Trainee: 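Dumping the structure here so I can ask a few things about it.
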Amino acid sequence: MATMYYKVRLKHFIARNQSGSDLNGLKMIGYALSVVVACALVAPQVLCYDFTNKGTCGLKPWIKRGCRIALDHSLTLQFDIREQEKNNIDWNNLHPWLTNFACKCRQKALDSKHTFFGLGDYGLCYSGTGLNEYIEKHPLAPEGSCIGVLKHNHTVVNEKTGEVCLAGYSRLYLYQIVTGAENPMSTEGNNEGEQVVDKICTSKSDIIIAVDASASLDTEFPKVKFFLKKLISRFEVGKGTDKSRLSILSFADKANLLMSWADSQVLTKSQINTLVDKMPFAGGGTATYDAIKMAVNDIIKPFRRTGVTPTVFLITDGECFRGDFMLPGPIKLLRETKARVIAIGVGDANKYELKDITGDERLVLFYKNFQNILDMAATILNKLVVEACV
């Protein structure tokens with residue numbers, strides 16, 4: 001009933017505006033469109049409903065990134081079909097129109113060699129390059145600020161990846177295009193037109209996963225664990241010199257070893273997942289320096305294998321406590337081991353600090369939140385496997 005109510009109200013506002021009979025109606029149109037995002041769930045095989053025939057823009061052709069309030073005219077306006085399409089929108093069946101609109105915008109962006117596009121105001125298509133950098137300069141708005149009154153109707157608004165979301169007046173919903181040129185450490189998508197094939201490390205590798213468990217991760221910690229189990233699933237562990245070894249440690253005010261390399265050789269995947277599920281949320285500060293010292297002194301130095309370069313995955317959303325003073329010594333020790341470090345920074349993580357830890361800004365991956373990481377999990381995990389698997 002809620003869905004029909006808002007559809008009727010929107011059509012009523014539009015009718016009043018077209019007749020020019022009610023100034024208040026005109027004001028309400030601007031308000032309604034400024035807070036509404038119309039969304040329709042897209043099937044795994046996303047179809048474009050063309051005005052003349054039916055086509056396809058590929059399997060998983062984009063990754064939803066979020067909404068920006070206020071249009072930025074530094075982006076390229078690919079087309080504006082608001083006038084020609086205003087009578088073609090069927091409010092009772094938005095899916096065909098929205099998916100067609102999104103696919104057309106995506107294709108225009110690809111033709112311009114752009115890597116992302118944005119949909120807004122029921123007919124505006126913008127595009128550009130370097131979405132992560134763009135979001136850093138122009139932060140995304142809270143999801144509720146864009147979805148507004150339809151937020152509570154989950155048959156219309158659904159936050160699963162793959163949906164088509166269209167921002168209202170003076171708003172732009174941004175999508176990262178899934179591209180064919182996959183840079184192993186790029187954060188810009190996966191293979192265009194193809195399902196993401198999970199990469200599994202079947203050869204030997206020595207992995208240390210250092211997970212932030214400080215106070216700022218309170219509500220996000222279940223998502224951290226979920227991602228961690230997905231990461232673990234990509235490595236074949238067990239007895240034998242040709243198997244991978246995994247170690248897990250968490251850190252807050254101090255580091256805590258949850259699983260050693262030796263443990264991973266005797267535990268089943270199910271038992272390892274149980275350990276992750278039971279991993280305590282510590283709260284407190286962010287002692288990244290203590291995590292690095294533990295990785296070096298308690299894991300790498302005493303138990304490294306000849307011919308295998310250890311890889312450390314550092315996952316954090318914060319900044320090390322007194323990092324300028326506390327980090328240089330542990331980082332020096334880490335460098336001496338020749339271990340490879342890949343940092344996943346989330347939200348307010350200090351990218352300069354993570355660059356110092358990894359020694360290479362290309363090995364720092366940044367995301368706005370952990371839901372964003374889960375949305376892109378298949379692609380992110382493939383990149384991590386490529387980097388770590390010998």
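Fair warning: this is a prediction, and the values are worked out from it, not measured in the lab.
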Trainee: At their closest point, which heavy atom of Asn369 faces which heavy atom of Glu220, and how far apart are they?
Mentor: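 Shortest heavy-atom separation between Asn369 and Glu220 comes out as CB-OE2, 4.2 Å.
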
Trainee: Compare every heavy atom of Asp317 with every heavy atom of Ser214, then report the nearest pair and how far apart it is.
Mentor: OG-OD1, 4.3 Å

Trainee: So does Lys108 have more than 12 non-hydrogen atoms from other groups sitting under 6.0 Å from NZ?
Mentor: no

Trainee: Could you check Ile373, Leu231, Val385 and say which one makes a side-chain contact (heavy atoms from CB on, under 4.5 Å) with Ile380?
Mentor: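 Between Ile380 and the candidates, side-chain contact (heavy atoms from CB on, under 4.5 Å) is satisfied uniquely by Ile373.
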
Trainee: State, to 0.1 Å, how close Ile300 and Leu334 come at their nearest heavy-atom pair, and which atoms those are.
Mentor: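 Scanning both residues, the minimum pair turns out to be CD1-CD1, 4.4 Å.
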
Trainee: Which is it for Asp298 and Lys293 under the salt bridge (charged side-chain N to carboxylate O under 4.0 Å, His left out) test, yes or no, and what are the steps along the way?
Mentor: CA-CA 8 Å; Asp298 297 349; Lys293 287 194 293 184; over 6 Å; no

Trainee: Taking side chain to side chain donor-acceptor pair (under 3.5 Å) as the definition, give me every residue that meets it alongside Gln265, ordered by chain and number, with sequence neighbours left out.
Mentor: none

Trainee: Got a sec, which residues hit side chain to side chain contact (heavy atoms under 4.5 Å, CB included) with Lys332, two or more places apart in sequence or on another chain?
Mentor: Glu336

Trainee: If the threshold is 4.0 Å, N to carboxylate O, is there a salt bridge linking Asp360 and Lys355?
Mentor: no

Trainee: Surrounding CZ of Phe226 (heavy atoms of other residues, nucleotides or ligands, distance under 6.0 Å), is the total greater than 12?
Mentor: no

Trainee: Counting heavy atoms not belonging to Asp348, are there more than 12 under 6.0 Å from its CG?
Mentor: no

Trainee: Are the side chain of Arg304 and the backbone of Thr337 linked by a donor-acceptor contact shorter than 3.5 Å?
Mentor: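 Such a contact is found between Arg304 side chain and Thr337 backbone.
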
Trainee: Against Leu124, only a single residue in Leu119, Leu77, Ile81 fulfils side-chain contact (heavy atoms from CB on, under 4.5 Å); can you say which?
Mentor: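 By the side-chain contact (heavy atoms from CB on, under 4.5 Å) criterion, Leu124 pairs with just one of Leu119, Leu77, Ile81: Leu77.
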
Trainee: Taking everything shown except Phe79 itself, do over 12 heavy atoms lie less than 6.0 Å from its CZ?
Mentor: yes

Trainee: With Lys269, which residues qualify under salt bridge (charged side-chain N to carboxylate O under 4.0 Å, His left out), at least two apart?
Mentor: none

Trainee: Show, in sequence, the C-alpha distance, side-chain angles and deciding distance for Arg234 and Asp198, and conclude whether the salt bridge (charged side-chain N to carboxylate O under 4.0 Å, His left out) test is met.
Mentor: CA-CA 8 Å; Arg234 297 299 191 91; Asp198 291 349; 3.0 Å; yes

Trainee: Please determine, by modelled atom types, if Ser260 and Ser247 share a side-chain donor-acceptor pair under 3.5 angstrom.
Mentor: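 Distance-only check fails for Ser260 and Ser247.
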
Trainee: What are the two closest non-hydrogen atoms of Ser112 and Gln78, and how far apart are they?
Mentor: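 Minimum heavy-atom contact is OG-NE2, 3.0 Å.
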
Trainee: Between Phe116 and Tyr134, is the ring centre distance below 6.0 Å?
Mentor: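 Ring centres of Tyr134 and Phe116 closer than 6.0 Å.
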
Trainee: Strictly below 4.0 Å, N to O, side chains only: are Arg305 and Asp206 in salt-bridge contact?
Mentor: yes

Trainee: With the side chain counted from C-beta on, respond yes when Phe370 and Ile315 share a heavy-atom pair under 4.5 Å apart, and no when they do not.
Mentor: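 Sidechains of Ile315 and Phe370: in contact.
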
